[in-house]
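Every number for a ligand or one of its atoms is a count from 1 in the order of the listing.
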Amino acid sequence: MSVLDLARPELRALQPYSSARMEATGGKIWLNANELPWAQASELALNRYPEPQPAELLDGLAQLYGVARDQVFVGRGSDEAIDLLTRGFCAAGASNIIISPPTFGMYAVAARIQGAAVREVPLRAERGYALDVDALLAAVSRQTRLVHLCTPNNPTGNCLPPEQLERLAEALRGRAVLVVDEAYAEFSDAASATRLLPRYDHVVVLRTLSKAHGLAGARIGVALAAPEIIELLRRIMPPYPLPCASIAAALAALQPEALRLTGERLLLIRLQRELLRAALAAHPCVLEVLPSEANFLAARFVDAAGIYSRLCAAGIIVRSLQKYPGLHDALRVSVGTPEENALLLATLNHVQRAA
Ligand SMILES: *Cc1c(COP(=O)(O)O)cnc(C)c1O
């Protein structure tokens, strides 16, 4: 059996759009894409359509994540990979996906846009937001197409133990695609789920340059998977997903000097996370700080709504987790610069004294 037996059959038969850049490469005189032959006066020559999947970028990302080029899809953020996976595998009105809330919201949104049902198997709050693997497997039906995991999880910050991941990969073979979102992997010591790719053609790992690499504005996200899945995503992606400026920014971020700087910044963020965690945990207005292996901390407050608006009034914007079941009294704080984190703590002290 091929993992593509889980994909929408009509997409396997689809004749994909064939763009000018896909049909021909090389040459010197480009008269095939109805572009204007002159560029605007800017540093980048933006008069030409970009390569749909730039070879140099695919090679750089393959090297960064330790996979082969034909295991890499690059799109507009991992959000686009989530959307394409949903559209590629889920039939409207028939399929379902499984998520374990509280988790990243886009998995459910993409499914609802596609008309796929969302089955929820909540994380076990009383066990440190651990995944309930037995309950998750019991929720899998013949109509299940995608199982979404997020590690480190947004918004709780905890990682999935590798043996749970392995057990799920094993149990889901031939039944569903296991999507492992590692948007925050660089902030943790956990081994990447890419180690599962050689053995499981139904595992997809999502990575992004938005968080650790500081390129949220460029919208560069990646799906790493078996070549059959990558090929399916390319068949249904928009003709030219990546703007030239974003491709240039991503290539620059993959240069050795940029990667060295990224490494230094990761160390600083991790150090700041521990300092901030300790300071918040000791603060009288904080009930609990959840352990985090990401670049954010979720904390429960005595009066989360009050703190949120006081911080807002001081110009400090954090994320309310009010809408997440079980986290109604929690706020999520991204780890900022040392100065920003100090200012956050000083403002909390001020709020405390005023109360
Ligand atoms: C931020 C985030 C993303 C989105 O990443 P983009 O590559 O910017 O689209 C994906 N997954 C999780 C869990 C996130 O927190």
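- Using cut-offs of 30° and 60° for the angle between ring planes, the Phe104 and Tyr107 rings count as perpendicular.
- In the vicinity of Thr208, heavy-atom distances shorter than 4.0 Å reach the ligand 1 atoms 5 (O), 6 (P), 7 (O), 8 (O).
- Between the side chains of Asn96 and Ser141, a donor-acceptor pair is found at a separation under 3.5 Å.
- Only the side chain of Cys150 comes within 4.0 Å of ligand 1, counting heavy atoms alone; its backbone N, CA, C and O stay farther away.
- Close contacts of ligand 1 with Ser210, meaning ligand atoms under 4.0 Å from a residue heavy atom, involve 6 (P), 7 (O), 8 (O).
- Contacts of Met106 with ligand 1, taken as heavy-atom pairs under 4.0 Å, are absent altogether.
- The shortest N or O to N or O distance between Arg76 and ligand 1 is not under 3.5 Å.
- At the shortest separation from atom 15 (O) of ligand 1 among protein heavy atoms lies Tyr184 OH, 2.7 Å.
- Applying the 4.5 Å side-chain rule to ILVMFWY residues, one finds that Ile317 remains a lone member of its cluster.
- Residues Glu264 and Arg260 are paired through a salt bridge, judged by an N-O separation under 4.0 Å between the basic side chain and the carboxylate.
- The closest heavy-atom contact to atom 5 (O) of ligand 1, among the options Ser78, Gly75, Ala81, comes from Ser78.
- Shown in contact with Lys211 at under 4.0 Å from a heavy atom are these atoms of ligand 1, numbered in order with element: 1 (C), 2 (C), 3 (C), 4 (C), 14 (C), 15 (O).
- Counting the atoms of ligand 1 from 1 in the order shown, those under 4.0 Å from a heavy atom of Arg219 are 6 (P), 8 (O), 9 (O).
- Remark: ligand 1 and Tyr107 share no N or O pair separated by less than 3.5 Å (distance only, no angle test).
- Ligand-side atoms of ligand 1 in range of Asp79: 4 (C), 9 (O), range being under 4.0 angstrom from any heavy atom.
- Of the N and O atoms on the side chains of Ser2 and Glu228, not one donor lies less than 3.5 Å from an acceptor on the other residue.
- Between Phe296 and Tyr184, the gap from one ring centroid to the other is short of 6.0 Å.
- The ring-ring contact (aromatic ring centres under 6.0 Å, His included) contacts involving residues 15-53 comprise Tyr49-Tyr240, where partners must be two or more places apart or lie in separate chains.
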